[in-house]
Trainee: 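The structure follows.
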Amino acid sequence: MIRIVDLYKKYRDTVALEGLNLHVKTGEFFGYLGPNGAGKTTTVKILTTLARPTSGTALIKGIDIIKNPIEAKKHTGVVPQAINLDMELTAWENLQIHGLLYNMNKKFMRQQADYLLAFVGLDKHRYRLVKNYSGGMKRRLMIARALLHKPEVIFLDEPTVGLDPTVRRQLWGLLKKINQEGATIFLTTHYIEEAENLCERVGIIDRGKLIALDKPKSLIASAGKIVVDVLEDDQLTSYFFTTRKEAGDFVAGLDLPATVRNANLEDVFVKLTGRRVKE
Ligand code: ADP
């Protein structure tokens, strides 16, 4: 569904993307995980034709986004990081404007809007001004809007930033449902838990380069499934083991405070870069 080929993006002194190659399968729930400044938004902007790469290209459903941006755009929906709804309009009006921009048939637009407002749980609030919506409601409306023209692939750029944990989990449920209904999902996040919970495969990006790509479980297994955190002089160091037995033997030989836990994607990142995702 998405094929990224040798993508580079430079902004004056900053290299935001440095030779990115990536293939996302049809129907996949793909996670694009990396710290702030890694190049996630730049990738999404290029794939949704909002920014031009310095070199390289990408194909959406085989359509070159540089040569044929308008055609490629028809197949994609995007939920950008910043809330870009019209606050002085109702949810229904916001959807109508999107339908007009995509030159949608009016009847189809109304059917889709009815279906999607119910799907994201905003049916009863369709005639309220968006400025009176909560943060979670605004996100859900942005998702409905991104799906309105029935794209096969949907890009979500950090969709749960700023939402409280309960609302975040509700949104996860919604995204899973969208994927189950057949859409390919490309989700950027710097939340480890989000990538682990939702994504079939995760690409880890750091400083414009893809540094790992696999199923979350496989990535974690490759780092070592069990972690022992050892505290020495206020410094926490993590050691990786394949089995609990090995970890237990290591702890038994220690004279320092230590905790044994399962590894996660943060550990994968730390092992590969020596830094933390959240830094
Ligand atoms: P992420 O989404 O992973 O936080 P971004 O793609 O926003 O990362 O940014 C990647 C790098 O490119 C960062 O170093 C950022 O400062 C830089 N960058 C992004 N947009 C611009 C811009 N419009 N002008 C200059 N530098 C930019």
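Here, residue 1 is the first one in the sequence, and each next residue gets the next number. Atoms within a ligand are numbered from 1 in the order they appear, just like the ligands themselves.
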Trainee: What is the minimum heavy-atom distance between His125 and Met137, and which atoms define it?
Mentor: CG-CE, 3.7 Å
Trainee: Take Arg276 and Glu266 through the side-chain contact (heavy atoms from CB on, under 4.5 Å) test and state the conclusion after the steps.
Mentor: CA-CA 7 Å; Arg276 308 197 75 81; Glu266 175 85 19; 3.0 Å; yes
Trainee: Report yes or no: is the cationic atom of Lys176 (NZ for Lys, CZ for Arg) under 6.0 Å from the centre of the six-membered ring of Phe29, at an angle within 45° of the ring normal?
Mentor: no
Trainee: Quick test of your reading of the model: are Arg169 and Glu193 salt-bridged, counting only N-O distances below 4.0 Å?
Mentor: yes
Trainee: Can you tell me which residue and heavy atom of the protein come closest to atom 13 (C) of ligand 1, and the distance to 0.1 Å?
Mentor: Gly37 O, 3.7 Å
Trainee: Which protein non-hydrogen atom lies closest to atom 8 (O) of ligand 1, naming both residue and atom, and how far is it?
Mentor: Gly39 N, 3.1 Å
Trainee: Heavy-atom contact under 4.0 Å between Gly34 and ligand 1?
Mentor: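 So Gly34 does not count as touching ligand 1.
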Trainee: Within the structure, does at least one protein heavy atom fall under 4.0 Å of atom 27 (C) of ligand 1?
Mentor: yes
Trainee: Please report whether ligand 1 has a polar contact with Ala38, defined as an N or O pair separated by less than 3.5 Å (distance criterion only).
Mentor: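 It does: an N or O of Ala38 is found under 3.5 Å from an N or O of ligand 1.
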Trainee: For ligand 1, is there an atom lying under 4.0 Å from some heavy atom of Pro35?
Mentor: yes
Trainee: Are Tyr8 and Ile66 connected in a single hydrophobic cluster, I mean Ile/Leu/Val/Met/Phe/Trp/Tyr linked by side-chain heavy atoms less than 4.5 Å apart?
Mentor: no
Trainee: Hey, quick one: are Leu122 and Leu163 part of the same hydrophobic cluster, counting side-chain heavy atoms closer than 4.5 Å, chains of contacts allowed?
Mentor: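 Linked, Leu122 and Leu163 end up in one cluster.
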Trainee: Need the ligand 1 atom indices (1-based, order shown) with element for anything under 4.0 Å from a heavy-atom of Thr41.
Mentor: 1 (P), 2 (O), 6 (O), 7 (O)
Trainee: Assigning hydrophobic clusters by single linkage (Ile, Leu, Val, Met, Phe, Trp, Tyr; side-chain heavy-atom cutoff under 4.5 Å), is Leu22 placed with Phe155?
Mentor: yes
Trainee: Just checking, is any N or O donor in the side chain of Tyr191 or Thr160 under 3.5 Å from an acceptor N or O on the other one?
Mentor: no
Trainee: Rounded to the nearest 0.5 Å, what's the gap from CD1 on Ile154 to CD1 on Ile143? Could you check?
Mentor: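 Output value for this atom pair is 6.5 Å.
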Trainee: Which protein heavy atom lies closest to atom 19 (C) of ligand 1, and at what distance to 0.1 Å?
Mentor: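 Going by distance alone, atom 19 (C) of ligand 1 is nearest to Tyr11 CE1, 3.4 Å.
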Trainee: Within the 4.0 Å heavy-atom shell around Asn36, which atoms of ligand 1 are there?
Mentor: 4 (O)
Trainee: Tell me which protein heavy atom sits closest to atom 16 (O) of ligand 1, plus the residue, atom name and distance to 0.1 Å.
Mentor: Thr14 CG2, 4.8 Å
Trainee: Could you tell me which atoms of ligand 1, counted from 1 in the order shown, lie closer than 4.0 angstrom to a heavy atom of Ala16?
Mentor: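 Answer, ordered by atom number: 10 (C), 11 (C), 12 (O).
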Trainee: When only distance counts, is Lys40 in polar contact with ligand 1, meaning an N/O pair under 3.5 Å?
Mentor: yes
Trainee: From the options Asp13, Thr42, Ile46, select the one whose nearest heavy atom is closest to atom 9 (O) of ligand 1.
Mentor: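 Considering heavy atoms of Asp13, Thr42, Ile46, the nearest to atom 9 (O) of ligand 1 sits in Thr42.
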